[in-house]
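Numbering starts at 1 and runs along the sequence shown. This one's a predicted model, so the numbers in the text were calculated from it and none came from an experiment. Read the numbers this way: they start at 1 and go in the same order the structure lists the ligands and their atoms.
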Amino acid sequence: MNTKIYYTLTDESPFLATQSLLPIVRAFAKTADIDVETKNISLGARILAAFADRLSPDTKFFDAPISDDLGFLGKLTLDPSANIIKLPNISASLPQLKAAIAELQKNGYAVPNYPDEPKNDEEKEIRARYDKVKGSAVNPVLRQGNSDRRAPLAVKNYAKKHPHSDGNWNASIKTHVAHMNADDFYGNETSITLPAADTFQIEFVSESGEVKVLRTAKPLLAGEILDSTVMRMKNLEKFIAEQMEDAKKQGVLFSVHLKATMMKVSDPVMFGAFVRVFFRDVFEKYAALFKELGINANNGLGDLYKRLAGNAKEAEVKAAIDAALQKGPDLAMVDSTKGITNLHVPSDVIIDASMPAMIRNSGCMWNKDGKLQEVKACIPDRSYAGIYETTIDFCKKNGAFDPSVMGTVQNVGLMAQGAEEYGSHDKTFIATDKGIIRAVNSKGEVLLSQKVETGDIFRMCQAKDAPIRDWVKLAVNRARTAKMPAIFWLDPNRAHDREIQKKVELYLKEHDLSGLSISIKSPKDAIFETMTRAKQGLDTISVTGNVMRDYLTDLFPILEVGTSAKMLSIVPLMAGGGMFETGAGGSAPKQVQQFLAENYLRWDSLGEYFALAASFEQVGTPKAKVLAEALDKANEKVLEFNRTPERKLGGLDNRGSHFYLALYWAKELASQKSNAEIAHKFTPIAAALEAKETEIVQALAKAQGVPVDIGGYYVTSPALLKKWMRPVAAFNAIIDEM
Ligand SMILES: NC(=O)C1=CN([C@@H]2O[C@H](COP(=O)(O)OP(=O)(O)OC[C@H]3O[C@@H](n4cnc5c(N)ncnc54)[C@H](OP(=O)(O)O)[C@@H]3O)[C@@H](O)[C@H]2O)C=CC1
Ligand SMILES: O=C(O)CCC(=O)C(=O)O
Ligand SMILES: [Mg+2]
């Protein structure tokens, strides 16, 4: 029996929260002889691991030697005894990566600069190492299983009893989704299923017939689905220009919603197209200067301003940008007080979190005057734009959802082994010339090919057979356990989905489906039916591919329970172990700003609490089960007595919520009847916590309201973090003595 749980250290809010929560968890886990070991997969730790050979062997980061913890955990996912708790981590955009590099250098770590334009082999090698750290570089390594995400019943019931407020919707709201109508990834997709194991090599063939290898031969398994597609840059640019004009005419905000983190190769390029077209005159007029300064539209307006700073033409270019802003439609803002637009940073407006937030806000985003305004939400590719379009149309017709009565939507997502688009980074290329990009097999036969022109984004995706079979099984099991109808979301107009559907139909035959309702519907029909049911208070399981897994597990949680942080997010690893993700959302960088400014941390660790209960359950020893059951009950108490963090200074924050978790957990352990030794141990602990409740909670509240220094953003000080995140000695003493 494995009694080790690996708990990840990440960045931003979840990392801050860990400083307070982990000591509590460790103290409780000891009771069941469970060792909770940390593995550092923060952005800083991952950069240092990538350049360990350049650092002296005694280098330390966050008090630990440099090691490839992500690599370690990646291997562990293939071990049947793996038990990993994964907190949300940063998927770094280039500006974030560079900020982390600079901060590491400032702290004396000898990591190289990021070479924007590698000039020699050494720089190319450095760049390749950094590119492995960039974007969504953690999740695809650890997600060696499919995804099971849902709101725990206690969370759903709590939300029904204490519904969050949602903005109203009606037919006169002008907000809408804009997408391309041709020559996007959706329109150009082709797909095959491999009859037998083979290899594929990706090549570019120029018009004159010259062949250049873009990616050397890689293996393909029998039964694997391989797709190719292309986004035509000219059509994308034309679409953007048209939509800008239309947004201006309609008087709505112009906004772009992409996933520049997960889709780290394609989406920054699409984001860059928005920046380039929006500021077309500026980019044309100052082309030479921008080249000299290394300005690349893909990195956004924020990076442009940074590179421009101090240049003789700074004021002139800024004036040109202001003129373009004046001339174009109003941009949706990320932070109107600081003038940060939707086009500043590619990773600031991520589609899965930003679209639901907008839908909750009656279809509005913030404008430059800090007021809510209706929006044209540009989601260029039709593969996924339709589900948001349908949602918005649904709300216009039927009004906003009512969290006090709406049904729940669970998700079973195909995710394992880099499934679909989210595993496509190493198969995505920006065409540098006119010609063909194709995949050829070991015999040199063409498997798939696409015509390209300079600037087009070519992409190949893979979905392996074993994960698809496992996903179908997971869906059937979930439908049976949850007693809910399950809908497979597959689009008959997408080549890839047609291949998947054949397998779904085949693998469904392996299961007893009696008494179950399992259907296959196009995403638009599926979301319409799911929302219609939700409106009637009925529950549904969405069984989707990897991208929709991501989108829907923010969309429905945010509509139903106000945040995706409270989701139970389990990855039953295909090798047998378990990975427990904490919540379905991100690392909430805005909350770090609030914490640094006023020592108030709004992060809700409920996702961690639920993941921990599932993780203890997986440990499986009798004592671990006692801990798990008590934690489940404690989690319900946290909800029942509303001990989740409040939004504003003065309320109970993250640390206060942890105190109550400890109190309720200890009380449950003291009163349970299955293990007398544990009950005996926790009786005085529960009593001590209860006796000091007022003192501790008041001390936590008193600590708030001052600026905080934790040593840095990506490089933080363990001692300072301890000081700020565990500020109450009376509480620490009880925990540390356990
Ligand atoms: N699993 C993972 O590892 C994931 C990582 N990410 C990464 O996270 C970063 C930020 O992503 P972003 O798209 O801004 O999404 P976030 O989920 O971090 O932020 C969106 C908003 O969600 C709310 N929120 C999220 N989690 C919590 C929580 N635990 N407690 C309270 N509120 C919460 C907050 O808003 P509100 O004001 O509405 O309450 C927050 O401002 C990026 O680097 C991204 O790559 C993103 C998604 C998943
Ligand atoms: O890995 C990432 O970049 C984000 C993951 C995510 O958004 C999700 O899994 O819901
Ligand atoms: Mg997501």
Just going by heavy-atom distances, which of Pro88, Ala588, Gly585, Ala584 is nearest to atom 48 (C) of ligand 1? Gly585
Answer yes or no for atom 38 (O) of ligand 1: protein heavy atom present at a distance under 4.0 Å? no
Identify, for atom 4 (C) of ligand 2, the protein heavy atom at the shortest distance, and state residue, atom and that distance. Lys259 NZ, 3.7 Å
Do the side chains of Tyr422 and Asn139 get nearer than 4.5 Å, heavy atoms only? no
Is the backbone of Lys371 close enough, under 3.5 Å, to the side chain of Asp369 for a donor and an acceptor to pair up by distance? no
When only distance counts, is Gly586 in polar contact with ligand 1, meaning an N/O pair under 3.5 Å? yes
Is Gln593 reaching over with its side chain to a backbone N or O of Pro589, donor-acceptor style, under 3.5 angstrom? no
Polar-atom distance check: Asp352 versus ligand 1, any N or O pair below 3.5 Å? no
When you measure from the side chain of Asp497 to the backbone of Asp491, do you find a donor-acceptor pair of N or O atoms at a distance under 3.5 Å? yes
Give a yes or no on whether atom 22 (O) of ligand 1 lies under 4.0 Å from any heavy atom of the protein. no
Considering only heavy atoms, does Val138 approach ligand 1 within less than 4.0 Å through its side chain, its backbone, both, or neither? neither
Protein residue, atom and distance nearest to atom 12 (P) of ligand 1, heavy-atom basis: Ala353 CB, 4.3 Å
Minimum-distance protein heavy atom relative to atom 3 (O) of ligand 2: Ser91 OG, 2.5 Å
May I ask you to check if Arg459 and Phe185 form a cation-pi contact, with NZ or CZ under 6.0 angstrom from the six-membered ring centre and within 45° of the axis? yes
So do the side chains of Glu560 and Val409 get within less than 4.5 Å of each other, counting heavy atoms only? yes
Counting distance only, does the side-chain N/O of Arg143 pair as donor-acceptor with the main-chain N or O of Met579 below 3.5 Å? no
Find all atoms of ligand 1 within a distance of less than 4.0 Å from any non-hydrogen atom belonging to Arg602, and give their numbers and elements. 31 (C), 32 (N), 34 (C), 35 (O), 36 (P), 37 (O), 39 (O)
Any heavy atom of Glu581 closer to ligand 2 than 4.0 angstrom? no
Contact flag Asp554/the Mg ion (ligand 3), N/O/S atoms, threshold under 2.8 Å: no
Between His658 and Tyr609, how do the two ring planes meet: parallel, tilted or perpendicular, split at 30° and 60°? perpendicular
Flag the pair Asp303 and Lys306 as a salt bridge only when some basic side-chain nitrogen lies within less than 4.0 angstrom of an acidic carboxylate oxygen. no
Which atom, counting only N, O or S, brings Asp550 closest to the Mg ion (ligand 3)? OD1
Do protein heavy atoms approach atom 27 (C) of ligand 1 to less than 4.0 Å? yes
With atoms numbered from 1 as shown, which atoms in ligand 2 lie under 4.0 angstrom from a non-hydrogen atom of Ala584? 10 (O)
List the closest protein heavy-atom neighbour of atom 9 (C) of ligand 1: residue, atom name, distance to the nearest 0.1 Å. Ser587 OG, 3.1 Å
Under 4.0 Å, heavy atoms only, figure out whether ligand 1 is touched by the backbone of Ile350, its side chain, both or neither. side chain
Identity and separation of the nearest protein heavy atom to atom 9 (O) of ligand 2: Arg143 NH2, 2.8 Å
Using non-hydrogen atoms of the residue, decide whether Met415 is closer than 4.0 angstrom to ligand 2. no
Backbone N/O of Leu43 and side chain of Asp11: donor-acceptor pair under 3.5 Å: yes
State, yes or no, whether a side-chain contact exists between Ile359 and Leu555 at a heavy-atom distance under 4.5 Å. yes
Tell me, please: is Met567 in heavy-atom contact with ligand 2, that is, under 4.0 Å? no
Please list the nearest protein heavy atom to atom 43 (O) of ligand 1 with its residue and the distance rounded to 0.1 Å. Ser91 N, 3.5 Å
Please identify which of these residues, Arg602, Glu12, Arg647, meets the side chain to side chain contact (heavy atoms under 4.5 Å, CB included) condition with Gln591. Arg602
Return the closest protein heavy atom for atom 30 (N) of ligand 1 as residue, atom name and distance. Asp604 N, 2.9 Å
Decide whether the shortest distance between a heavy atom of Arg647 and an atom of ligand 1 is less than 4.0 Å. yes
Specify the protein heavy atom at minimum distance from atom 1 (O) of ligand 2: its residue, its atom name, and the distance to 0.1 Å. Asn139 ND2, 2.5 Å
Test your reading of the structure: does Lys86 have an N or O sitting under 3.5 Å from an N or O of ligand 1? yes
Look only at the side chain of Ser13 and the backbone of Ser587, and say whether a donor-acceptor pair between them is shorter than 3.5 Å. yes
Examine distances only and state if a side-chain atom of Thr175 and a backbone atom of Gly363 form a donor-acceptor pair shorter than 3.5 Å. yes
Examine ligand 1 and decide if any of its atoms is less than 4.0 Å from a heavy atom belonging to Met262. no
A student checking ligand 1 against Asn89 at a 4.0 Å heavy-atom cut-off should list atoms 2 (C), 3 (O), 5 (C), 6 (N), 7 (C)
For N/O/S atoms only: which one belongs to Asp352 and is nearest the Mg ion (ligand 3)? OD2
Considering all heavy atoms of both residues, which atom of Met262 and which atom of Ser136 are nearest to each other, and what is their separation? SD-OG, 2.9 Å
Please list the nearest protein heavy atom to atom 10 (O) of ligand 2 with its residue and the distance rounded to 0.1 Å. Asp550 OD1, 2.7 Å
Would you call Glu646 and Lys648 a salt bridge, using N to O less than 4.0 angstrom? no
Could you list the atoms of ligand 2 found under 4.0 angstrom from a heavy atom of Asp352? 7 (O)
Using a 4.0 Å cut-off to any heavy atom of Ser136, which atoms of ligand 2 qualify? 1 (O), 2 (C), 3 (O)
Pairing donors with acceptors under 3.5 angstrom, does anything connect the side chains of Ser255 and Asn342? yes
Determine the interplanar angle of the Tyr384 and Tyr551 rings, folded into 0 to 90°, and report it as parallel if under 30°, tilted if 30 to 60°, perpendicular if over 60°. perpendicular
Gly705 backbone acceptor or donor facing Asn599 side chain under 3.5 Å: no
Which of the numbered atoms in ligand 1 are below 4.0 angstrom from a heavy atom of Thr261? 45 (O)
Looking at ligand 1, is there an atom of it that comes within less than 4.0 Å of some heavy atom belonging to Pro589? yes
Please work out whether the ring planes of Phe274 and Phe254 are parallel, tilted or perpendicular, with thresholds of 30° and 60°. tilted
Please list, in number order, the atoms of ligand 1 under 4.0 Å from a heavy atom of Asn139. 1 (N), 2 (C), 3 (O)
Close approach, Gln591 and ligand 1, non-hydrogen under 4.0 angstrom: yes
